[in-house]
Each structure stands twice: as C-alpha cells, then as structure tokens.
Amino acid sequence: MANEVPAKTHGVGVFLELRKRLQSGLLIVGKDVAQTPADVAVTSGDSSLHIRTPRGVLYLTLPAGVAFEQGSCIPTPAGESCGEELHFRLRISVERSTDEDSSASMMKTLRAKKAYCFYCQGCMTRLLEDRVFNRVLPLPNARDGSCEQTLTEEVSPVGTEDSQDPKKPCRRLALISCASCSSVLGEAVTPETLKLYVTQVVVEPAVGDRKPEASLNRSLFVERTVAARLLELSNSLSTYHFSVQTPDGKAFLLLWLLNSDSIIASVPETRVGTESSNGSPALHSPSPRAARALKLLYIACSDTGIQQRDIVTSWEVSVIGHPVVLPLKVCEELLQVMDDSNSTLPTSMRCMRSYEVAYLRL
C-alpha cells in the first residue's frame, strides 16, 4: 500500500527540492550523514550549492539563473521523521532564463514546411524519411508506400468480451510495429493515417545523411518524454489529473500533477563524502546536478490497498483524469520509472494522501 515504505529503497544522504515560483526550497539531510543541524552548513558557489557535513562538502550544480541566498538556510521541524532526517528551509533567487522551453515535447518542435525523419527509439532504424508537414497537428499523421519497408501492421482485438456485459463490443486495433526490432510504435487510424506514440519514436530534422546520436537510456527517454507531454497537456488544457491508459481504454496509472516548477537533486548516502581531499569535487566524480522536474502523486490501478481502491473508483466514476494512451509495455515502464523515483526520496517525502510521490525529470 502507498502508506508503507517500499521494500526497495536507497539510503538518502541529501535531498533538495527548490521551487522557482515560491523562490524557496527544502533541504533534507539523512542522520547517517549529519546528526544535528549544527553539523550542516550551506553556502553558495558559482552556479552551485555547497553543503558541508561531517563527511565533507557536497557540491550541487544548479540550473542557470538560480542562486542560493546566503544565510537563508534555517532548520525546520521534521515531524515524524525527526529520528532519521534533518530538515532545512532556504531561499533562492531566480532570474528569467532562456531555456524554459527546452523540455518541450517533440510535437511542439515540429514546424510546417520543414522536412523531418522519424526513427524507432528502440533500435534507431529510420522509419519515415523527409516528411514535410503542410500543417502541424497534435499527432504526426503521415503514411505512404515507403512505410511498407520499415513498418509492420498487425490487427488484434482490444478489450475482452465481458461476460457480465455481453452488449459491450470487442473492437479491433491495427498496431504498427518497427520491422527491425518489433517494438510497437503506434496505431493505424485509417489505411492512410498513422498515429505514432511519442514514447516510441525520435523525430529529427532531415539534414543530408546525418544519423541521429545514440538514443537515450530507455527509461530516461520515457521519463522525459512523458514529463514533457504531461506539462504540455496541463498548460494547454488547465488540467492536473491524468489517467494513463492502454489502447483498450483500461486505466493503468493515475497521475496528479502537483507542480511543474520543482528543481530537485537526490544524492544517496553512499555518495556523500566522495569529494577529493583538497576540498574540490573529485575529477572522476562529477558534481550531482539539480534538474527541473514535475512533482506527481500516483496510484497504480492494480493497487489492492483499500484507500487506493477507493481513490481509483472515485476517479473512474467522476471521470477525473484526462486520458493519456500508451502501449501496455510503456505503461509498465512508466510505473517502474515512478517507483524508482519514489525509492530515492526521503521517507518523509514518499507518500501523501494515500498516494505515492514521484518526480519526472524534464
């Protein structure tokens, strides 16, 4: 259940969350790293935060335009977690930066009258070449004869013939897959139109024979792509509740976006104190970097906890969540990303209102 500590967790040494809109932050230091507030001192460096503990100095690189206000870090009660965590509040100053849109989803970067190539994210096979869009719609729809060499199509039933509801039809879905690695990429909406899932393809401008760089780590690609899509939907639709669903319409994961202005860093206890003896970051150990992230509450629809089942039922009855359709495998990957994020959080941060807490990096 969500109010239980996950079995697979990491000893959190230092956790930092900054809020750009509030220009404030929360610093949590595990008591394996420092026993009392007097053991912790925070100062600012050049685009960085320096956190001194009995183990040495931890250097956290901050995003451009974000700076710690000297002398603003003060202890604050840690509540029920006071036996294992030290909490501090601090203030930051934020300059308007030019990279606010750097996390825009691929659909936001497409431009009409320009040529693009589509690649399978799994194996980086080029799927669609030199596509020029007359108009840019929310989803990339383009299909012609060249697709026959790179894509395969398989028609399969979705949903089940519910014995309790014999009138409910069992529709069929034409799934589109990569001919090279068999990864499901999207759906054939009509014989002439494809709907590609943003988590399955990489889109880059067509520039000669240039090949795209090696694909990102799969879980990081899913994390950033979904985060960018949720942020885009939230901004355009003014919604904060999302129902991640499989193509058959079955809810898999419920997401509640709490804020989109977080900057976070989580450093395991084993990595605190690995700096070199001269007081500067070790050459072989780059400084941890604080990154922009979405803060979300989530519940897996398969959760058997009583409170969680009540929440899932309430969402279903009230049709609260905006649907986000992803292949089942991607839904499972996303849940794993969320669980992994949750496991890196301090104990006091992992749960809220019967939901679990996670951050998706942008």
Side-chain angles (χ1 to χ4, degrees), residues 1-19 21-42 49 51-55 58 60 68 72-92 240 253-273 288 290 293-300 303-312 314 335 337-361:
M1 294 189 298
N3 57 354
E4 295 179 351
V5 176
K8 182 182 177 183
T9 59
H10 308 281
V12 177
V14 172
F15 175 82
L16 175 71
E17 180 182 17
L18 306 178
R19 294 290 306 279
R21 292 192 185 96
L22 302 178
Q23 298 195 12
S24 64
L26 171 66
L27 172 67
I28 298 178
V29 179
K31 285 201 170 180
D32 287 337
V33 173
Q35 287 294 314
T36 69
D39 294 333
V40 180
V42 179
L49 194 68
I51 304 170
R52 184 177 295 277
T53 70
R55 292 195 181 188
L58 176 67
L60 292 179
F68 167 66
S72 68
C73 185
I74 58 173
T76 190
E80 295 180 357
S81 300
C82 61
E84 53 186 292
E85 298 173 4
L86 298 174
H87 288 204
F88 302 84
R89 289 288 176 183
L90 52 87
R91 294 194 304 275
I92 59 173
Y240 304 95
L253 188 63
L254 306 182
L255 305 178
W256 182 353
L257 176 59
L258 287 187
N259 61 66
S260 59
D261 66 329
S262 289
I263 299 170
I264 66 162
S266 183
V267 183
E269 180 265 332
T270 54
R271 284 197 60 192
V272 179
L294 304 184
K295 184 175 183 179
L296 299 129
L297 304 184
Y298 73 101
I299 286 181
D303 197 318
T304 57
I306 296 177
Q307 291 177 314
Q308 288 70 37
R309 290 306 312 161
D310 288 345
I311 292 174
V312 172
S314 174
L335 177 57
V337 167
M338 306 285 285
D339 285 342
D340 288 345
S341 170
N342 180 268
S343 73
T344 66
L345 299 179
T347 302
S348 61
M349 298 281 291
R350 290 181 193 147
C351 302
M352 184 184 297
R353 300 180 184 174
S354 300
Y355 292 82
E356 291 183 279
V357 180
Y359 293 83
L360 292 183
R361 290 168 291 178

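Just so you know, these numbers come straight off a predicted model, no measurement behind them.
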| request: Spell out, as yes or no, whether a donor-acceptor pair under 3.5 Å connects the side chain of K31 to the backbone of C82. | output: yes
The reported gap from OG in S262 to CG in L296 (rounded to nearest 0.5 angstrom) is 9.5 Å
Heavy-atom closest pair (F68 atom, V42 atom, distance to 0.1 Å) is CE2-O, 3.5 Å
Original post:
Between the side chain of D261 and the main-chain N/O of R21, is any donor-acceptor distance below 3.5 Å?
Top reply: yes
Checklist entry - Does D32 reach the side chain of E84, with side-chain heavy atoms less than 4.5 Å apart? => result no
Between L86 and A34 the two heavy atoms that sit nearest each other are CD1-O, 3.4 Å
Separation between CD (E356) and SG (C351), nearest 0.5 Å, reads 5.5 Å
Check your understanding: Would you say D303 and R309 make side-chain contact, with heavy atoms under 4.5 Å?
Key -> no
* To do: In sequence, state the C-alpha distance, the side-chain angles, and the governing distance for R55 and V14, and then conclude on side chain to side chain contact (heavy atoms under 4.5 Å, CB included).
  => CA-CA 12 Å; R55 292 195 181 188; V14 172; over 6 Å; no
Practice prompt. Keeping the roles fixed (side chain from S266, backbone from T344), state whether a donor-acceptor pair exists under 3.5 Å.
Written response: yes
Check your understanding: Taking it one step at a time, do L257 and L294 satisfy side chain to side chain contact (heavy atoms under 4.5 Å, CB included)?
Key -> CA-CA 7 Å; L257 176 59; L294 304 184; 3.8 Å; yes
Rounding to 0.5 Å, atoms CE (M349) and CD (E85) come to a distance of 9.0 Å
When every non-hydrogen atom of D39 is compared with those of P54, the smallest separation belongs to O-CD, 3.5 Å
Review point. Side-chain contact, heavy-atom cut-off 4.5 Å: V312 with I299?
Key: yes
Closest heavy-atom pair, V272 versus G13, reported as atoms and distance to 0.1 Å, is CG2-CA, 4.0 Å
*Is any side-chain heavy atom of L60 less than 4.5 Å from a side-chain heavy atom of V267?*
yes
Between the CG atom in L27 and the CD1 atom in I74, the distance rounded to the nearest 0.5 Å is 12.0 Å
Does any non-hydrogen side-chain atom of P346 lie less than 4.5 Å from one of H87? no
* Donor-acceptor under 3.5 Å (R350 side chain, L345 main chain) -> yes
Value for CZ (R271) from CG (L58), rounded to nearest 0.5 Å, stands at 8.5 Å
Item to complete: For the pair Y298 and D339, evaluate side chain to side chain contact (heavy atoms under 4.5 Å, CB included) and give the outcome as yes or no after the intermediate values.
Response: CA-CA 10 Å; Y298 73 101; D339 285 342; 2.7 Å; yes
**Asked** Between Y355 and W256, how do the two ring planes meet: parallel, tilted or perpendicular, split at 30° and 60°?
**Response** perpendicular
Checklist entry - So L90 and L16, side chain to side chain contact (heavy atoms under 4.5 Å, CB included) or not? Walk me through it. => result CA-CA 10 Å; L90 52 87; L16 175 71; 4.2 Å; yes
Value for CG (N342) from CG (L335), rounded to nearest 0.5 Å, stands at 10.5 Å
Closest non-hydrogen atoms of S341 and Y359, given as atom of the first, atom of the second and distance, are OG-N, 2.9 Å
Should we say atom CZ of R19 is surrounded by more than 12 heavy atoms from elsewhere, each under 6.0 Å from it? yes
